[in-house]
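The structure under discussion appears below in the form of structure tokens.
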Amino acid sequence: MSVQGKIAPSDTDVLIVVDVQHDFLPGGALAVPDGDAVIAPINRLAKAFQHVVLTQDWHPQGHASFASAHVDKQPFDTTELHYGSQVLWPDHCVQGTKGAEISRDLNIPHAQLVIRKGYNSGIDSYSGFKEADRKTSTGLEGYLKERGFRRVFCAGLATDFCVAWTALDAAAAGFETYLIEDASRAIDTNGSLAKAKNDLSAAGVRMIGSAQILEG
Ligand code: VGL
Ligand code: ZN
């Protein structure tokens, strides 16, 4: 779904900035191509939002989503875990490491919550809301509902994994949901970006550009 006209963020809108962490940025363990290009638009956007939430991928060592935790597997292979198919990644965003830190180039001192995800060793969590078993909740839905938010705007890394899954779960939870395309960048492995765009469109997530958000 596309959207015409400008959007003025209000008191019931929240911006979710997904996984802008060193390991997803140039030089990181799972660097997203052109990943640092999201930082300037996110910093501009964040000034227009009173309410901002950050997510942080936060895996224990030996996490089930790491190729290194499986015999005869390489990064970007897939495997079957107890909840279904799982893409395997280079080790990344290990709890307490530099790679897991949120970029200091993000300038969002007014961010209100950092929600960590992917900390259960046997379950991945692309989404900020629900883990990959599609059952285990992070608590974010309850937090946003309790605070009375109605619209959710998502941006960050990576468009086709954590940003898309977060937006899909926001829509499923009943929020009017937007994905800000130029403030996000994709990994795009094995057709993942095309699939994510199909899923987002089917779920009614609105794809917008950051220029559509009224600033100041
Ligand atoms: C992500 C792959 C593995 C993401 C996190 O932030 O999109 N992708 N873990
Ligand atoms: Zn991860």
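Indexing begins at 1, ligand by ligand and atom by atom, following the structure's order. Reckoned from all heavy atoms, side chains included, excluding hydrogens, waters and symmetry mates.
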Original post:
Using the benzene-type ring in the case of Trp, are the ring centres of Phe76 and Trp89 under 6.0 Å apart?
Top reply: yes

Original post:
Are Phe175 and Phe149 near enough that their ring centres are under 6.0 Å apart?
Top reply: no

Subject >> His59: side chain to side chain donor-acceptor pair (under 3.5 Å) partners, not counting sequence neighbours >> reply: Asp57, His92

**OP:** Examine the side chains of Arg147 and Gln112 and answer whether a donor and an acceptor come within less than 3.5 Å of each other.
**Re:** yes

Subject >> the Zn ion (ligand 2): angle it makes with NE2 (His92) and NE2 (His59), nearest 10 degrees >> reply: 90°

Original post:
Would one find an N, O or S atom of Cys162, in either backbone or side chain, under 2.8 Å from the Zn ion (ligand 2)?
Top reply: no

**OP:** Report the nearest protein non-hydrogen atom to atom 4 (C) of ligand 1: residue, atom name, distance rounded to 0.1 Å.
**Re:** Cys162 SG, 2.7 Å

Original post:
Has His63 got an N, O or S atom lying less than 2.8 Å from the Zn ion (ligand 2)?
Top reply: no

Subject >> Sequence-distant partners of Asp91, side chain to side chain donor-acceptor pair (under 3.5 Å), two or more places apart >> reply: Ser68

Original post:
Does an N or O from Leu157, backbone or side chain, lie closer than 3.5 Å to an N or O of ligand 1?
Top reply: yes

Original post:
Would Lys197 and Glu181 pass as an ion pair if we require N to O under 4.0 Å?
Top reply: yes

Original post:
So is His92 close enough to ligand 1, meaning a heavy atom under 4.0 angstrom away?
Top reply: yes

Original post:
So how far is it from Asp34 CG to Arg185 CZ, rounded to the nearest 0.5 Å?
Top reply: 4.5 Å

**OP:** Examine Ala158 against ligand 1 and note whether any of their N/O atoms are separated by less than 3.5 Å.
**Re:** yes

Original post:
Any N/O/S atom, backbone or side chain, of Asp57 lying under 2.8 Å from the Zn ion (ligand 2)?
Top reply: yes

Original post:
Starting from atom 6 (O) of ligand 1, which protein heavy atom do you reach first, and at what distance in Å?
Top reply: Asp19 OD2, 2.7 Å

Subject >> Protein heavy atom at shortest distance from atom 2 (C) of ligand 1 >> reply: Trp89 CE2, 3.4 Å

Subject >> Lys145/Glu141 ion pair, N-O < 4.0 Å >> reply: yes

Original post:
Based purely on interatomic distance, does Asp57 place a nitrogen or oxygen under 3.5 Å from a nitrogen or oxygen of ligand 1?
Top reply: yes

